[in-house]
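Each chain gets a letter, A, B and so on, in the order the sequences are listed, and its residues count up from 1.
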Amino acid sequence: MPGPDRSAESERARYYLTTAIAYANNRPGLHTLFEVIGADAIARWHRMKGNETRFLTGTDEYSVNIALTAAEQGRDPKAFVDEMVALFRTAEDTLQISPDRFIRTTDLDHQRAVHEMIRRAYASGDLYVGNYEGWYCPNEGFIPASQLVEDSSGIHCANHPTVALQWLSERNWFFRLSAYQAKLERYYAEHPDWVQPEYRKNEMLGFIRGGLEDFSVSREKASWGIPFPIREDGSSSQLPDGSWDPAAGTVYVWFDALTNYITGAGFPDDPEAFAKWWPCDVHIIGKDINRLHTIMWPAMLMSAGLALPKLVWVHGWLLAQGERMSKSRGNFLDPNDMVAALGSDGTRYVTLREAAFDRDSDVSWNSFVRRYNADLANDFGNLVNRTVTMVNRYLGGNRPPPGPPASLRSDWLSTSLSYRGHLEGFLLHEALAVLWVFVGAVNRLVDAEKPWALAKAAGSNDADAGERLRNVLGDLVEACRLIALATAPFIPSIAPKVLQQLGYDQPYGPDGKDGPPLLDELEWGAHAEEAGHVALPEPLFPRLDVESPVA
RNA sequence: GGCGGAGUAGCUCAGUGGUAGAGCAGGGGACUCAUAAGCCCUUGGUCGGUGGUUCGAAUCCGCCCUCCGCUACCA
């Protein structure tokens, strides 16, 4: 391999990243898939670097609401979620999301993991039986104080003004989060970067300092859930026939959902795998579940004697005219419309370029189409097209090697460093932005060097012009190769086509595995000595003139 | 209410004391390798308001206005 020896550093490293599991109650919109698309680009980047990578996505399938919805449709909850989960998996496939495991909270190994976490919390003295009480709306369940409305007709929940509330008390298990305030504060102090962006960490620190209350971790009456594995005396609730005593209740959402991250790493069935993959390198989550992941989850892990995630990255929301995109608001974008218009790669690119990965971002169909045309069709797609055309026309298709060191090469050096830094720091939009500054520089080089003029001069026996023509076109081809490889995590199906047009093989598998170390490939001139032929040019990102599919 | 953040060109944003910037969108031009694309030039802003500090403020300080985030059991 050419270039400095950095493969030793990257080759044996392993990288484990997760997304939040999605609530399996509906077909996902683009705003839901945003996180998964971003995480997938990161996963592919690490796979291409040669890191042994594990990428986990999945669905959260237990909840009272899901049981209710299924019941309303006269269906078994499992059959209902099976159908919903299929929609998620199809959506992921459509966008070329490449999880190494798609985990479902209904998976049996996950039940074992949750049970083990409960047992460990109990063994640590962090579980106790208490009363969970509060206002209960028969249509909605327990209503937090923040959603209570009081008016002339009395007190009721915001969504059901006519339904009388009941004060209910349920006998539930509680987790002693209050015991973890000081431990969490110390952990935050000793790991100042473990929650990012920093302002998200500060919000959580403020919350912790305000005092922590215990939270309930079981439900007495809900049947659609993971069976609670122990009775009040701590004994197993498993019955002789292997089933679980319904009287013990079910695990409530926190333990049920969050534990998926360690189930996905092999806990507790495969200690060897678990030792290898845990702690994860990063949880990619949305800002709405920050508290769960950076306060409750770490306390649960501490209680179980397990290591904490190395990093939690908190992204923002996709907004439409300042409002959060959501199914209920109806202001969401259908990924199928996006893919139909922009292609899978186009959808991935514009989503991650238009939406900042560290805060909320306003997006729209029009902004996506504009971005697609400007960046993919005009800037990059056209650059590849004109480069390949010129090599064909002026050099008979023989791919020239890069010329002697020139400014474009040093441009690339700083660009690739900056690109990598942003990408590995989860600022995906910034990573793409710096890469496209380079794309602009390459386009300007074409106009500055005027290969068509050089070709004409070379045709008049100007040997210097001929030499310069080959050098310029060699630099252009090399720039296109590097941009395609660097962008491959974002545009996994088009990037190989770019390489193919440039006469290079695509050395990576469909999900980015099994190729040479990417950082070596991203060296300027990594394949300078290889002869080759460019293919016939073919537009990779056709320019669009697309009307909005939503009103 | 408390704590934190933000208000800069039509849009998205950069810019933390010294004559207002980028990309996109809009206008004009030259060229021709190219996906009517790329390149060059260019129209847009009393930098939320106000008072102050300073030779000089988008940039520092006070007050005000607007918006946003966090403020625990839907996830």
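For the pair A/Lys201 NZ and B/C70 C1', the computed distance is 15 Å after rounding to whole Å. Between the P atom of B/C73 and the CZ atom of A/Phe255 lies a distance of 18 Å, rounded to the nearest Å. Rounded to whole Å, atom C1' of B/U32 lies 10 Å from atom NZ of A/Lys456. Between A/Asp379 atom CG and B/C24 atom P there is a gap of 7 Å when expressed in whole angstrom units. Rounded to whole angstrom, the span from the CZ atom of A/Arg176 across to the P atom of B/A72 amounts to 22 Å. Distance, A/Met204 CE to B/C3 C1': 12 Å, rounded to whole Å. For the pair A/Leu476 CG and B/C39 P, the interatomic distance rounds to 13 Å; values are reported in whole Å. Whole-Å rounding puts the A/Glu170 CD to B/C73 C1' distance at 12 Å.
Nearest to the side chain of A/Arg219, among B/G69, B/C39, B/C73, sits B/C73. Of the candidate nucleotides B/C40, B/U71, B/U35, B/U35 has the atom lying nearest to any side-chain atom of A/Arg543. Taking every side-chain heavy atom of A/Glu213 into account, B/A72 is the closest of B/A75, B/A72, B/C33. Distances from the side chain of A/Arg386 to the nucleotides B/C40, B/A72, B/G38 place B/G38 closest. Nearest nucleotide to the A/Phe174 side chain, out of B/C33, B/C73, B/U35: B/C73. When each of B/C13, B/A72, B/A75 is scored by its nearest atom to the side-chain atoms of A/Ile289, the top-ranked nucleotide is B/A75. Of the candidates B/U35, B/G69, B/C73, the closest approach to any side-chain atom of A/Phe215 belongs to B/C73. With distances taken from any side-chain atom of A/Trp452 to the nucleotides B/C33, B/U71, B/G38, the minimum falls on B/C33. Here the side chain of A/Asn382 is nearest to one of B/U35, B/A75, B/C40, namely B/U35. Considering only the side chain of A/Glu203, B/G69 comes nearest among B/U35, B/A72, B/G69.
Of the C1' atoms belonging to B/G56 and B/U19, the separation is 11 Å, rounded to the nearest Å. A gap of 22 Å separates the C1' atoms of B/G44 and B/C39, to the nearest Å. With both ends at atom P, the span from B/G21 to B/C61 equals 25 Å, rounded to whole Å. Spacing of P atoms, B/G29 relative to B/G17, comes out at 43 Å, to the nearest Å. B/A25 and B/C64 have their P atoms separated by 42 Å, given to the nearest Å. Spacing between B/C11 and B/U46 at atom P, rounded to whole Å, works out to 13 Å. The separation of B/C24 from B/G5, taken at their C1' atoms, amounts to 26 Å, rounded to a whole angstrom. Separation of the C1' atoms belonging to B/C41 and B/C31 is 14 Å when rounded to the nearest angstrom.
Residue contacts for A/Pro542: at a heavy-atom cut-off of 4.0 Å it reaches a base atom on one of the strands shown. Across all strands, A/Tyr199 comes closer than 4.0 Å to no nucleic acid atom at all (heavy-atom distances). Residue A/Asn25 is out of contact with every strand shown, counting any heavy-atom pair closer than 4.0 Å. Contacts of A/Gly286 with the nucleic acid, taken as non-hydrogen atoms under 4.0 Å apart, are absent. As judged by a 4.0 angstrom heavy-atom cut-off over every strand, A/Gly206 is placed among residues making no nucleic acid contact. Backbone-only engagement by A/Ala257 is indicated by non-hydrogen atom pairs under 4.0 Å involving sugar-phosphate atoms exclusively. Among the protein residues, A/Ile21 comes within range of no part of the nucleic acid, since none of its heavy atoms lies under 4.0 Å from any strand. Across all strands shown, A/Leu383 has no heavy atoms under 4.0 Å from either base or sugar-phosphate atoms. Contacts of A/Phe541 with the nucleic acid, taken as non-hydrogen atoms under 4.0 Å apart, include base atoms. As judged by a 4.0 angstrom heavy-atom cut-off over every strand, A/Lys287 is placed among residues touching the sugar-phosphate backbone only. Among the heavy atoms of the strands, none lies under 4.0 Å from A/Ile295.
Rounding to the nearest 0.5 Å places CG of A/Leu432 at 11.0 Å from CD of A/Glu354. Here the CZ atom belonging to A/Arg386 is positioned 12.5 Å from the CZ atom belonging to A/Arg393, to the nearest 0.5 angstrom.
Between A/Gly440 and A/Thr389, the residue anchored nearer the 5' end of RNA chain B, judged by the nucleotide with its closest heavy atom, is A/Thr389. Mapped onto RNA chain B by nearest heavy atom, A/Ala377 and A/Asn373 fall at different nucleotides, with A/Ala377 at the one closer to the 5' end.
Counting only N and O atoms by type, the side chains of A/Thr415 and A/Asp411 include no donor and acceptor under 3.5 Å apart.
The shortest distance between the side-chain N/O atoms of A/Tyr394 and the OP1/OP2 oxygens of B/C33 is below 4.0 Å. Taking side-chain N and O atoms only, A/Arg371 has no distance below 4.0 Å to OP1 or OP2 of B/U12. A close approach under 4.0 Å does not occur between any side-chain nitrogen or oxygen of A/Asn378 and OP1 or OP2 of B/U35. Under 4.0 angstrom from either OP1 or OP2 of B/A75 there lies at least one side-chain N or O belonging to A/Tyr252.
In B/G44 the O4'-C1'-N dihedral to the base is within 90° of 0, which defines a syn nucleotide.
Side-chain to base pairing of A/Asn202 with B/G4: no donor and acceptor N or O lie closer than 3.5 Å to each other. Between the base of B/C73 and the side chain of A/Ser216 there is a donor-acceptor pair shorter than 3.5 Å.
Cation-pi contact between A/Arg348 and A/Phe490: absent, since separation from the ring centre below 6.0 Å together with deviation from the ring axis within 45° is not met. Relative to the ring axis of A/Phe207, A/Arg291 places its NZ or CZ within 45° and under 6.0 Å from the centre. A/Phe102 carries A/Arg89 over the face of its six-membered ring, with the cationic atom under 6.0 Å from the centre and within 45° of the normal.
In this structure B/A36 sits in no base pair that meets the Watson-Crick or G-U test at under 3.5 Å. Pair assignment for B/G23 gives B/C11, based on Watson-Crick or G-U wobble hydrogen-bonding distances that are each under 3.5 Å. Checking B/U16 for Watson-Crick or G-U wobble geometry (two distances, each under 3.5 Å) identifies no partner in any strand. As the counterpart of B/C3, B/G69 is assigned, both hydrogen-bonding distances of the Watson-Crick or G-U wobble pattern falling under 3.5 Å.
Between A/His283 and A/Trp297, the ring-plane angle classifies as tilted under the 30° and 60° cut-offs. The aromatic rings of A/Tyr188 and A/Trp194 sit perpendicular to each other, their planes meeting at more than 60°, with 30° as the lower class boundary.
A salt bridge does not link A/Arg468 with A/Asp464: none of the charged nitrogens is closer than 4.0 Å to a carboxylate oxygen.
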Legend entry - Candidate pair A/Tyr349 and A/Phe541, rule ring pair (Phe, Tyr, Trp, His ring centres under 6.0 Å), full reasoning: CA-CA 11 Å; A/Tyr349 177 88; A/Phe541 296 102; 7.8 Å; no
